[in-house]
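For clarity, every value in this text was computed on a predicted model and none was experimentally measured.
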Amino acid sequence: MFRLSGALRYAKPLLGIGGRKAYIGDMAKTSNRDGKAPTQRMLRVGEQFRRILSEILQRGDVHDPDLARMSITVGEVRMSPDLRIATAFVLPLGGHDKEGALEALRRNKHELRHLVVKGGSMKFAPELRFEIDGTFDQMDATRALLDSGHVKQDLDD
């Protein structure tokens, strides 16, 4: 039987260990549906928005010199259940000047909104919101946790 010692017991929430209930709880954070996981439609439209937004930022279609000099990664786009709000999780290349990139994107959100809908097949234009993507920081923290001596000892047993 698998037994958790002290170090790994505290790492469970970070690693997502804990069975179906913990997984569904983590997925619920990606939606606003009272603890329910996002629907296939929300995921599909979010991925479509992510692809189009990435292409727009890569080509430099927005007429802003601050945005043109940055290389921005769009990690994920989460849609609200009614598909009226799209939250894009972005990170500038190298993680430098996060706030500057966020400010430039928010300043140009109306033009980006127009270009995203023009490039896709949506009937209406959802409101665009931008947040910093913390996925890479979480991966680094998890990697550091797994490299620690206590956790390695538990995994070897």
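- Looking at heavy atoms from C-beta onward, D133 lies out of side-chain contact with V90 at the 4.5 angstrom threshold.
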Derivation and outcome, side chain to side chain contact (heavy atoms under 4.5 Å, CB included), residues L105 and L128: CA-CA 10 Å; L105 287 167; L128 276 176; over 6 Å; no
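- Here the shortest heavy-atom pairing between D97 and M70 reads OD2-CE, 3.7 Å.
- Taking all atoms of both residues into account, the shortest heavy-atom contact from A125 to R113 is O-NH2, 2.5 Å.
- Taking 4.0 Å as the cut-off between side-chain N and carboxylate O, R51 and E55 do not count as a salt-bridged pair.
- Cluster membership check: V45 does not share its hydrophobic cluster with F89, using side-chain heavy-atom separations under 4.5 Å among Ile, Leu, Val, Met, Phe, Trp and Tyr.
- The two residues V116 and I56 make their nearest non-hydrogen contact at N-CD1, 3.6 Å.
- Electrostatic pairing of E131 and R106 counts as a salt bridge here, judged by a charged N lying under 4.0 Å from a carboxylate O.
- Scanning for salt bridge (Lys or Arg N to Asp or Glu O under 4.0 Å) contacts around R41 gives an empty result, with sequence neighbours left out.
- Taking CZ of R129 as the reference point, atom CG of L102 lies at 13.0 Å (rounded to 0.5 Å).
- Residues L53 and F124 fall within the same hydrophobic cluster, defined by Ile, Leu, Val, Met, Phe, Trp and Tyr side chains chained together at heavy-atom separations under 4.5 Å.
- Paired with P126 under the rule side-chain contact (heavy atoms from CB on, under 4.5 Å), one option of L83, D82, I85, V117 passes, and it is V117.
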